[in-house]
A.B. asks: 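Have a look at this one before I ask anything.
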Amino acid sequence: MSNHLTGQSSPYLLQHVENPVDWYPWGEEAFRKAEEEDKPVFLSVGYSTCHWCHVMAHESFEDQETADLLNKYFISIKVDREERPDIDSVYMKACQEMTGSGGWPMSIFMTAQQKPFYAGTYFPPEARHGIPGFREILKTIADQWKKNRQGLLAMADRTQINLSQTDPEASLFPSPYLPQQAAAYFAENYDEGYGGFGHAPKFPTPHNLLFLLLYAQTEADREGAARAVGQVKETLEKMRRGGIFDQIGFGFSRYSTDRRYLVPHFEKMLYDNALLILACAAVYKVSTEELFLETAEQTAEYVLREMRGPDGGFYSAQDADSEGGEGVYYLWTKEEILHILGKEKGEEVSRYYGITGPGNFEGKNIPNLLHGGGISDPYKEERQKLYEYRRSRASLHLDDKILTAWNSLMICAMSVLYRVTGKRCYLEAAERAQQYVEHYLAEGVSLYVSSRNRVRSVKGFLDDYTCYTAALIHLYDVTEKPEYRERAKQVCAEAVDQFGDLEEGGYYLYGTENDSLILRPKESYDGALPSGNSVMAYCLVRLSQICGDEDYEKEAQWQLAWLSAEAERYPAGHSMFLTALLMYDHPPMKITAVLAEGESREEILPRLPLYADIRILTCPTEDYRLLNEKTTYYVCRDHTCFPPTNRISDFTTS
């Protein structure tokens with residue numbers, strides 16, 4: 001049988017199309033039916049590569065007895081959180097309000113008026129380890145709906161009131177002290193033994209690392225700056241050595257379940273890999289250590305090989321599960337290694353990757369380099385054999401929808417990698433992805449959240465507009481093509497019109513072209529991804545610096561002031577905003593490079609510091625002449641311009 005999800009484009013919704021549960025997509029039809037039949041609504045939110053979503057689907061949504069309860073007493077709605085971040089945001093806030101925590105799958109019970117009265121995440125079919133059983137929950141809520149409806153409605157009203165509490169009062173000016181407070185928090189919570197911050201599970205959150213790198217470059221306290229850089233370097237090296245990095249096929253998994261970064265949650269997300277490419281490229285420019293550039297390029301190799309569609313757009317995620325288990329695709333026995341590579345080479349490779357007979361995870365092995373030694377890929381040929389063998393295993397599910405916000409982050413990453421290496425393949429990948437966004441995810445100044453098979457989904461949210469603006473700014477940074485700058489200005493202006501709160505400050509998650517929900521949130525906190533408001537601050541700061549426009553500067557200052565109030569209680573949770581604030585307070589140096597005959601943009605870019613606005617002239621002008629007939633650099637920093645020089649190395653350490 002099939003349900004009302006037939007015809008949807010989301011891979012997550014299509015995974016449930018043959019469930020015995022009579023699922024509806026989010027929309028008027030479902031809520032109208034709930035009202036007509038006087039039933040509560042069960043909302044299930046997840047995504048296609050979520051392990052516990054798969055577990056709950058198999059245990060409950062594929063179970064006829066559970067489906068009968070849902071179909072008899074509820075109207076059931078399925079939502080892909082990646083396509084509808086607005087719904088996910090509102091009801092995740094409700095889940096956290098009611099339970100103190102959140103996650104996916106998210107399970108919400110609410111009225112036909114969309115007001116939640118009971119919430120949770122994963123529920124087993126029967127009570128287990130202190131978690132109530134899902135079937136029992138369904139029976140209890142159905143009974144309470146008949147016998148104690150007023151109590152449920154009162155809970156729904158209280159929850160909505162709590163969710164609608166007003167924002168903190170905005171500051172008049174951005175606070176200059178928040179970066180120091182955040183850096184102190186990270187230093188206090190740094191894991192000296194294993195890298196990263198706090199204890200398990202450890203999420204990459206590369207925007208925290210990017211903040212620390214910029215903080216180190218702008219901080220007057222040299223000891224504190226060196227400490228911040230050290231924390232970033234050690235964290236990225238531990239991740240690169242650990243199982244969170246796929247040692248055989250490259251790319252990073254979503255997070256580590258342990259302190260050592262050995263055992264990952266094996267799904268791979270596009271956004272993590274984009275942000276980690278940025279972090280690795282940035283720390284390479286600061287440290288000049290090849291390990292970090294190699295990691296960035298290996299991650300890009302994985303993305304271009306396995307996560308890019310034929311039209312140039314990037315897919316969303318690869319699943320953790322195959323053959324009925326999480327991580328099965330990535331695990332090895334020592335016997336397999338010896339069989340594939342032969343005894344002598346197999347033993348060498350096993351020692352290199354920490355592979356043993358007993359194994360390091362459930363009797364099998366996660367390849368890793370945590371035991372020490374170099375990271376120079378000495379067994380490239382053997383690793384390729386293992387990779388090809390692994391491809392013969394049951395393939396991983398690929399979430400092949402193409403998201404505007406996540407593609408925009410990868411455009412940023414590929415642009416920066418081009419800037420750091422001068423390799424045109426990265427620029428070509430970035431420009432092809434940008435062309436995909438324009439062809440399939442944009443309509444004039446309007447953006448859409450995603451496309452699949454070239455079919456668009458719903459109108460875009462704040463994150464789509466801000467991340468795409470950032471992507472266009474990065475493309476302009478490395479190409480100087482004015483069309484990228486002008487398009488960035490257009491998209492940013494549309495974001496202001498659709499999402500801006502002109503009275504209180506900040507930007508709403510959903511805008512004038514989106515559906516209205518019970519709450520209109522403004523997200524400022526950076527989770528696994530930077531928030532739309534913090535990326536907006538970055539975009540406004542950069543546009544003010546690129547365009548020299550006072551209007552952008554005023555808007556940037558207002559946004560930074562609003563975010564300062566939001567970040568006051570927990571600055572370290574707003575690292576992308578703090579990065580924008582540092583860039584506002586410490587503008588990048590400006591470099592004009594005049595190329596000598598025979599030199600190209602690709603040769604010059606890797607020589608230049610990453611934190612700089614660059615202009616490259618292929619011919620001398622009256623104002624910008626060659627010195628000694630060699631490539632000449634004109635540098636301005638801190639309102640001071642320096643004499644022309646042939647030695648850019650004098651400035652590359654900052």
Side-chain angles (χ1 to χ4, degrees), residues 1-5 10-26 30 34 37 39-81 87-88 91-92 94-96 98-110 116-148 152 155 201 257 265-267 319-328 362 397:
M1 64 174 289
S2 59
N3 47 45
H4 294 82
L5 300 181
S10 160
Y12 178 61
L13 268 56
L14 293 175
Q15 286 175 349
H16 297 270
V17 75
E18 296 297 330
N19 288 172
V21 178
D22 190 18
W23 293 113
Y24 285 79
W26 181 278
E37 297 187 6
K39 292 179 178 179
V41 171
F42 170 63
L43 170 67
S44 177
V45 181
Y47 56 104
S48 75
T49 58
C50 166
H51 170 70
W52 287 103
C53 297
H54 298 330
V55 173
M56 190 166 178
H58 177 67
E59 292 177 340
S60 294
F61 304 145
E62 296 171 10
D63 176 69
Q64 189 64 54
E65 180 184 348
T66 305
D68 289 342
L69 289 170
L70 282 166
N71 296 340
K72 182 176 181 179
Y73 297 114
F74 301 87
I75 299 299
S76 300
I77 296 177
K78 262 287 172 195
V79 164
D80 182 337
R81 77 172 181 96
I87 296 169
D88 181 62
Y91 292 101
M92 185 61 71
C95 183
Q96 291 167 340
M98 288 188 273
T99 70
S101 63
W104 300 278
M106 178 166 55
S107 304
I108 302 287
F109 293 88
M110 60 185 176
F117 56 79
Y118 187 80
T121 53
Y122 163 78
F123 292 110
E126 297 174 350
R128 186 190 309 155
H129 305 306
I131 306 174
F134 189 57
R135 285 195 291 269
E136 193 58 38
I137 289 172
L138 296 178
K139 292 174 184 176
T140 300
I141 291 177
D143 184 61
Q144 290 292 302
W145 188 254
K146 288 182 180 179
K147 297 178 180 177
N148 184 31
L152 297 181
M155 171 63 77
T257 63
H265 181 44
F266 289 91
E267 66 182 315
D319 209 336
D321 292 21
S322 63
E323 301 180 69
E326 182 184 1
V328 172
E362 297 181 354
H397 164 69

A.B. asks: Between Ser48 and Gln15, which heavy-atom pair has the shortest distance, and what is it?
C.D. replies: O-NE2, 3.1 Å
A.B. asks: Can you check side chain to side chain contact (heavy atoms under 4.5 Å, CB included) on Glu267 and Tyr47, steps first, answer last?
C.D. replies: CA-CA 11 Å; Glu267 66 182 315; Tyr47 56 104; 3.1 Å; yes
A.B. asks: Considering residues at least two apart in sequence or located in another chain, which fulfil the side-chain hydrogen bond (donor to acceptor under 3.5 Å, both in side chains) criterion with Gln96?
C.D. replies: none
A.B. asks: Establish, yes or no, whether a centroid distance under 6.0 Å links the rings of Tyr73 and Phe42.
C.D. replies: no
A.B. asks: Give the ring-plane orientation class for Trp23 versus Phe61, where under 30° counts as parallel, over 60° as perpendicular and anything between as tilted.
C.D. replies: perpendicular
A.B. asks: What is the minimum heavy-atom distance between Cys95 and Ile108, and which atoms define it?
C.D. replies: CB-CD1, 4.2 Å
A.B. asks: Applying side chain to side chain contact (heavy atoms under 4.5 Å, CB included), run through Lys78 and Tyr12 and close with a yes or a no.
C.D. replies: CA-CA 9 Å; Lys78 262 287 172 195; Tyr12 178 61; 2.5 Å; yes
A.B. asks: If we check side chain to side chain contact (heavy atoms under 4.5 Å, CB included) with Tyr118, which of these qualifies: Ile137, Thr140, Leu152?
C.D. replies: Ile137
A.B. asks: Assess whether side chain to side chain contact (heavy atoms under 4.5 Å, CB included) is satisfied between Asp63 and Arg135, documenting all intermediate values.
C.D. replies: CA-CA 10 Å; Asp63 176 69; Arg135 285 195 291 269; 3.4 Å; yes
A.B. asks: Please report the closest heavy-atom contact between Asp22 and Asn71, naming both atoms and the distance.
C.D. replies: N-OD1, 2.9 Å
A.B. asks: Has the side chain of Lys39 got a donor or acceptor atom that lies under 3.5 Å from a matching backbone atom of Lys72?
C.D. replies: yes
A.B. asks: Atom NZ in Lys139, atom CG in Leu69: separation rounded to 0.5 Å?
C.D. replies: 6.0 Å
A.B. asks: Locate the shortest heavy-atom distance separating Cys50 from Trp104; write the atom from each residue and the value.
C.D. replies: SG-O, 3.7 Å
A.B. asks: How many angstroms lie between atom CD of Glu136 and atom CD1 of Ile141, to the nearest 0.5 angstrom?
C.D. replies: 11.0 Å
A.B. asks: Can you check whether Val55's main-chain N or O pairs, donor with acceptor, with Asp321's side chain at less than 3.5 Å?
C.D. replies: no
A.B. asks: For Pro105 and Met56, which heavy atoms make the closest approach, and how far apart are they?
C.D. replies: CG-SD, 3.9 Å
A.B. asks: Tell me whether the rings of Phe123 and Phe134 are parallel (<30°), tilted (30 to 60°) or perpendicular (>60°).
C.D. replies: parallel
A.B. asks: So do Thr121 and Trp52 actually touch side chain to side chain, heavy atoms under 4.5 Å?
C.D. replies: no
A.B. asks: List the atom of Asn19, the atom of Glu62, and the distance in Å for their closest heavy-atom pair.
C.D. replies: ND2-CG, 3.8 Å
A.B. asks: Mind running side chain to side chain contact (heavy atoms under 4.5 Å, CB included) on Met92 and Met106 for me, showing each step along the way?
C.D. replies: CA-CA 7 Å; Met92 185 61 71; Met106 178 166 55; 3.8 Å; yes
A.B. asks: Between Thr66 and Leu138, is there a side-chain heavy-atom distance shorter than 4.5 Å?
C.D. replies: yes
